[in-house]
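No hydrogens, no waters, no symmetry mates; every other heavy atom, side chains included, goes into these values. Reminder, nothing fancy here: chain letters follow the sequence lines and each chain counts from 1.
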There are 2 protein chains.
Amino acid sequence: MSNPRSAKTKKRTRIQQENELKILNSALEVFSQHGFRGSTVDQIAEMSDMSKPNLLYYFNSKEAIIRILIDQLLDKWLDPLRKINPDGEPLSEIQSYMRRKLEMSRDFPRESRLFANEILQGAPRVQDELRDLKKLVDEKAQVITSWIRAGKLAKCDPYHLIFSIWATTQHYADFDVQVKAVLGPKLSGPGRFEDAARFLDHLYINGLKP
Amino acid sequence: MSNPRSAKTKKRTRIQQENELKILNSALEVFSQHGFRGSTVDQIAEMSDMSKPNLLYYFNSKEAIIRILIDQLLDKWLDPLRKINPDGEPLSEIQSYMRRKLEMSRDFPRESRLFANEILQGAPRVQDELRDLKKLVDEKAQVITSWIRAGKLAKCDPYHLIFSIWATTQHYADFDVQVKAVLGPKLSGPGRFEDAARFLDHLYINGLKP
DNA sequence: TGTAATATTTACCAGACGGTAAAAAAATGC
DNA sequence: GCATTTTTTTACCGTCTGGTAAATATTACA
């Protein structure tokens with residue numbers, strides 16, 4: 001068999017497990033920074049302390065690697081949205097969702113940037129995933145609408161509400177260099193996520209009116 | 001002289017002006033969709049109805065083209081922020097700024113995506129510009145702080161306020177495919193920018209509290 | 001209309017890229 | 001310790017890419 005991953009259910013050896021993990025980790029690093037076409041297999045191989053042919057022994061192609069990364073990503077990415085509880089207190093559900101998304105930007109910035117790269121470049125590889133995404137968002141938009149009807153939330157477009165939460169939270173991962181450049185060395189510590197959370201809490205609940 | 005652009009102040013011929021414009025326009029299209037390394041000179045040349053050597057007669061290198069695009073971009077990009085008037089009515093100044101940024105996303109999505117690509121990939125070419133950006137943001141953050149002190153605005157972090165406006169507005173350009181996929185064909189018309197503006201107006205002024 | 005300057009084409013090149021074949025080396029199981 | 005499987009290395013290949021040299025065609029202007 002040419003490739004260990006193509007074996008259907010055969011148990012993986014220790015070396016396989018280690019190397020596949022190492023490769024995927026390097027690939028995430030490289031792809032998230034340079035995008036797919038901007039990355040080279042050699043870069044990923046070098047970061048994995050491996051020769052290019054050796055890497056291609058574990059994964060058939062560059063394309064195969066990013067496919068796996070994307071599949072792993074989307075599930076994790078949608079989890080915070082799934083966790084929104086229709087029976088919870090609306091304002092605090094929104095708030096928790098925002099916080100969960102912000103934590104993802106803090107803890108998984110590479111995943112965020114990989115996804116951003118894909119979308120930015122026209123999402124050629126995530127068409128199916130976008131369909132799933134729409135389904136889930138439609139569902140949650142209905143929940144939000146029901147909250148508004150019940151008078152628990154200000155009247156607003158639920159889709160754009162969700163967009164704004166995505167945008168504001170992912171910004172801290174995707175535009176990290178810009179955020180750091182603007183905040184300067186003093187304010188760029190890990191505390192910036194706390195500051196962001198505090199600001200967004202206030203914005204989403206009370207707005208800017210004094 | 002090998003290249004018409006390298007001539008210091010010599011007046012440009014009609015053909016030069018036309019072709020340079022055509023090339024820069026194609027380059028913006030290509031770079032904004034594929035990023036720098038993901039784009040090829042041939043792509044840009046083809047889109048300009050030109051051979052690659054002919055294109056390189058007008059611009060010395062691929063790098064030179066993106067440099068010019070970036071220089072043109074930043075100025076335009078910071079304009080809405082510059083226009084914030086310290087003597088205006090705070091809430092409506094914020095609102096106008098948000099609207100101006102949203103209009104830029106609507107009218108110049110390629111510029112937005114080009115910039116996003118640069119930042120996402122570590123901003124290797126925009127270090128100087130980020131310094132200018134910081135200066136301007138520091139200045140406007142002070143204005144916002146003075147508004148808060150005067151009791152004209154809710155107490156909040158001015159930097160994160162600016163970040164949130166950038167994020168929410170640029171989202172509609174940078175993540176356009178995702179926005180369209182989620183909204184579906186019916187809601188994806190040009191009217192989505194009006195819907196977004198309405199939502200953001202309400203969010204930034206009143207928040208979500210019913 | 002002739003001529004100098006500008007613009008375009010043709011034919012390349014050297015290096016990087018994704019990927020393969022096959023042999024050598026290392027690990028595994030008996 | 002030996003045979004089998006797994007892993008790694010070496011040596012490639014065809015294609016694409018950014019860029020160049022030089023010849024040709026076109027334009028502008030006196």
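Regarding E20(B), its CD atom lies at a distance of 11 Å from the P atom of dT8(C), rounded to whole Å. One interatomic measurement links the two molecules: CG of L56(A) to C1' of dT7(D), which rounds to 14 Å at whole-angstrom precision. To the nearest angstrom, P of dC17(C) lies 11 Å from CD of E46(A). The nearest whole Å value for the distance from the CE atom in M50(B) to the P atom in dT8(C) is 6 Å. If you take CG of D42(A) and P of dT9(D), they are 13 Å apart, rounded to a whole angstrom. In this structure, E18(A) places its CD atom 15 Å from C1' of dT8(D), rounding to the nearest Å. With rounding to whole Å, F59(A) atom CZ is found 15 Å from dT20(C) atom P. dT17(D) atom P lies 15 Å from atom CG of L55(B), rounded to whole Å.
By the neighbour-count criterion of 12 heavy atoms within 6.0 Å, atom CD of E46(B) is sparsely surrounded, having that number or fewer from other residues, nucleotides or ligands. Residue Q142(A) qualifies as open at atom CD: its count of foreign heavy atoms under 6.0 Å is 12 or below.
Donor-acceptor pairing under 3.5 Å, judged by distance alone, is absent between the side chain of K62(A) and the base of dG19(C).
Atoms NE2 and CZ, on H160(B) and R198(A) in that order, are 8.5 Å from each other to the nearest 0.5 Å. Summarising the geometry, atom CG belonging to D157(B) is positioned 8.5 Å from atom CZ belonging to F163(B); distances are rounded to the nearest 0.5 Å. Rounding to the nearest 0.5 Å gives a distance of 5.0 Å between CZ of F59(B) and CD1 of I23(B). Considering NZ of K140(A) and CZ of R82(A), their distance stands at 9.5 Å, rounded to 0.5 Å. For the atom pair Q72(B) CD and R67(B) CZ, the distance stands at 12.0 Å (nearest 0.5 Å). If you take OG on S39(B) and CD on Q33(B), they are separated by 8.5 Å, rounding to the nearest 0.5 Å.
Along DNA chain C, the nucleotide closest to P53(A) and the one closest to Q43(A) are compared, and the more 5′ of them pairs with Q43(A).
For dT9(C), the OP1/OP2 oxygens have a side-chain nitrogen or oxygen of S51(B) closer than 4.0 Å. Dashed line: the shortest gap from a side-chain N or O of Q16(B) to OP1 or OP2 of dT6(C) is not under 4.0 Å. Side-chain N/O atoms of Y57(B) include none lying less than 4.0 angstrom from OP1 or OP2 on dT8(C). OP1 and OP2 of dG18(C) both lie 4.0 Å or more from every side-chain N or O belonging to S61(A). Contact annotation: Y58(A) reaches the phosphate of dT8(D) (side-chain N/O to OP1 or OP2, under 4.0 Å). Distances shown here put every side-chain N or O of N19(A) at or beyond 4.0 Å from the OP1 or OP2 atom of dT6(D).
Closest non-hydrogen pair, S164(B) versus L203(A), comes out as OG-CD2, 4.2 Å.
Side chain to side chain, S112(A) and S105(A) fail the donor-acceptor criterion of an N or O pair below 3.5 Å.
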Identify each atom pair where a protein N or O and an N or O of nucleotides 13-16 of chain C are less than 3.5 Å apart, giving names and distance.
none

Report, as a single string ordered 5' to 3', how protein heavy atoms within less than 4.0 Å touch nucleotides 22-28 of chain C: B base, S sugar-phosphate only, - not at all. ------S
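Closest to the side chain of N54(B), out of dT7(D), dG19(C), dA7(C), is dA7(C).
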